[in-house]
Amino acid sequence: MDFQTVQKSRIQVLNDAESGKGRYVLYWMQQSQRADYNHALEYAIQQANRLGQGVLVAFGLMDDYPEANLRHYTFMLEGLKETRETLARRRIKMVIQKGAPAEVALKVGRNASVIICDCGYLRHQKAWREEVATRAGCRVVQVESDVIVPLRVVSDKAEYAARTIRPKIHKHLADYLVDFKPATVKESSLHLTANCMDIDNIDTLLKKMKIDRSVMRVSNFFKGGSSRARQMFKTFLHRRFERYVDNRNQPQTDDISHMSPYLHFGQISPLYLALQINDVDSRLQAAKDSFLEELIVRRELAMNFVNYAPHYDSYKCLPNWARLTLAEHRQDPREYVYTRRQLENAQTHDEYWNAAMREMRHTGFMHNYMRMYWGKKILEWSKTPEHAYRTTLAINNKYFLDGRDPNSYTGVAWVYGIHDRAWFERPIFGKIRYMAASGLERKCDIKGYVRKVDDLVDKA
DNA sequence: ATCGGCTCGCGCAA
DNA sequence: TGCGCGAAGCCGAT
């Protein structure tokens, strides 16, 4: 059967400039920080082969990426180092330069025939692409490689809930959940000369960078890089996937994939993960369906949210019924009110919540089920819902390796009613869905979770 | 252990 | 226009 590795709907020309007059094809890598299952890279190779040129890859490294700190930079650089080495084995040169991504793309792309870029949906990522498209002397083409079904194919508006986007995604899955055949690189780019930062020694590089060092790096469990991601996913499939349906909401277990940090930095492809799941024996069909629902429907609902909701990082993004009901309960007395510092230091009266906060601080990760509880309680323990929302988002982005992800903005907003519905009215929350410690006790071994976090923190 | 009520609004059927 | 039903629930009645 004939199929295209890079479907036409993944490709979007961003300007009217001509292509073909330069010496190489530039792949400006920013979101999809990997050498495998990367549609943007693949398309760049195809274009380069057509022109008889090589592909040069460029990445712009900033000291002041919004809300990034030592923890995030360490993980990202571990991944970039491996990606650079993997590309070199394919005879593709990757240069990493200090500077704003758009500036680096324009500088390294000065002699390019065409600039290919990948696709993040946060405000600043869109602005970078806009700037490159406007100022570049050659054609700029964007290739979607971070979702299974391109956003515009699914919907042209902010979807109301998972149930409205689900059929729109499923309708197209057969066209996009297809195997990926990498093209052969015909012309090497290794001989091209371009400045590149030395990233072989990450510790040395990190010491030189003027970055926020307020958050420590994480233990080796979450080590950055595509090969580490694939290795962890393989372990998940072989040892834990058979328990995934039963245990995915059981935070005392580790029967989850732990892929979110790798997906956030584009170190692993969602298409690769989905294809791996497809290959699993159909006796585990329930687990397969459940995992693909998370990986595709809910993840791409988050992409849809940040792409189409202009205020995705503000309280204003909430639906009217949610803001209304929270406003009606603004004056309700709060039994507990904690400062941001008390929250960050895990100094509340609730040992389950404190355990979740400690998991986040020490590992850069939190079990999915606890993320919801964690967020709901900050709403309950803050002076106002607006203040709670801002605090939650700030702590989320500070400590999580996958902070500042579309899933972060969607997850935090979900706590306040987005993509959800009204429930029984109660103090503070109004009609926003409530979660209680008693629910954790009823549904899972929450004491076991606290013990698990104690062990993790001891080891860290 | 299990069930129904609580509550909003989208999207589809009619 | 009516109706079913939903991103992770709670609570009280049985």
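All heavy atoms count here, side chains included; hydrogens, waters and symmetry mates do not. Everything numeric in this text was worked out from a predicted model, so none of it was measured. Chain naming here is simple, since letters A, B, ... match the order of the sequence lines and numbering starts at 1 in each.
Between A:Tyr312 and A:Phe305, the gap from one ring centroid to the other reaches at least 6.0 Å. Aromatic rings from A:Phe365 and A:His258 are positioned such that their centres are separated by under 6.0 Å. Under the 6.0 Å cut-off for aromatic ring centres, A:Phe400 and A:His264 do not qualify, their centroids lying 6.0 Å or more apart.
Considering only side-chain N and O atoms, A:Lys431 lies nowhere under 4.0 angstrom from the phosphate OP1 or OP2 of B:dC6. Between A:Ser438 and the phosphate of C:dC11, there is a side-chain N or O to OP1/OP2 separation shorter than 4.0 Å. Phosphate contact (OP1/OP2 of C:dC10, side-chain N/O of A:Lys443, threshold under 4.0 Å): present. Between A:Arg426 and B:dC6 there is no side-chain polar atom (N or O) within less than 4.0 angstrom of OP1 or OP2. Remark: A:Tyr369 is in phosphate contact with C:dG9, judged by side-chain N or O atoms under 4.0 Å from OP1 or OP2.
When rounded to the nearest whole Å, the span between CD of A:Glu293 and C1' of C:dG6 equals 12 Å. At whole-Å resolution of the value, NZ in A:Lys171 and P in B:dG11 are 13 Å apart. Atom-to-atom, CD1 of A:Ile432 to C1' of C:dC10 comes out at 15 Å; the value is rounded to the nearest Å. Atom OH of A:Tyr434 is separated from atom P of C:dC11 by 6 Å (rounded to the nearest Å). The separation between A:Ile418 atom CD1 and B:dC10 atom C1' is 14 Å, rounded to whole Å. Atom CD in A:Glu380 sits roughly 16 Å away from atom P in C:dG9 (whole-Å rounding). Per the geometry, CZ belonging to A:Phe424 stands 12 Å off C1' belonging to C:dG9, to the nearest Å. In this structure, the CD atom of A:Glu441 is 14 Å from the C1' atom of C:dC10, given to the nearest Å.
The same atom, C1', is picked in B:dG4 and in C:dC5; the two are 15 Å apart, to the nearest Å. B:dT2 and C:dA7: their C1' atoms are spaced 23 Å apart (whole Å).
At least one donor-acceptor pair under 3.5 Å links the side chain of A:Asn15 to the backbone N or O of A:Val140. A:Asn220 places no side-chain N or O within 3.5 Å of a backbone atom of A:Lys223 that could act as its donor or acceptor partner.
Residue contacts for A:Met435: at a heavy-atom cut-off of 4.0 Å it reaches the sugar-phosphate backbone alone, with no base atom in range. Counting any heavy atom pair closer than 4.0 Å across all strands shown, A:Asp420 reaches sugar-phosphate atoms only and no base atom. Among the atoms of the strands shown, only primed sugar atoms or phosphate atoms (P, OP1, OP2) are found under 4.0 Å from some heavy atom of A:Arg442. Here A:Trp423 lies in heavy-atom contact (under 4.0 Å) with a base.
For the pair A:Asp118/A:Gln30, a side-chain contact is recorded, criterion being any heavy-atom separation below 4.5 Å from C-beta on.
Residue A:Pro150 comes nearest to A:Arg10 through the heavy atom pair CG-CG, 4.0 Å, listed as atom of the first residue, atom of the second, then distance. Contact detail for A:Ala35 and A:Arg90: the closest heavy-atom pair is O-NH1, 3.2 Å. Of all the heavy atoms in A:Tyr449 and A:Pro251, the pair that sits closest is CD1-O, 3.2 Å. Minimum heavy-atom separation, A:Arg404 to A:Ala68: NH1-CB, 3.6 Å.
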Where does DNA chain B pair, written as one dot-bracket string 5' to 3', with Watson-Crick or G-U pairs under 3.5 Å, ( ) inside the strand, [ ] for crossing pairs and | for another strand? ||||||.||||||.

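Taken residue by residue, residues 383-415 of chain A places heavy atoms nearer than 4.0 Å to DNA chain C at A:Thr410, A:Trp414. Proximity of residues 147-168 of chain A to DNA chain C (heavy atom under 4.0 angstrom from any strand atom) is restricted to A:Ala162, A:Arg163, A:Arg166.
For the residue pair A:Gln31/A:Tyr121, the side-chain donor-acceptor check at 3.5 Å is not satisfied. Counting only N and O atoms by type, the side chains of A:Asp332 and A:His329 include a donor and acceptor under 3.5 Å apart.
Taking CD1 of A:Ile432 as the reference point, atom OH of A:Tyr416 lies at 9.5 Å (rounded to 0.5 Å).
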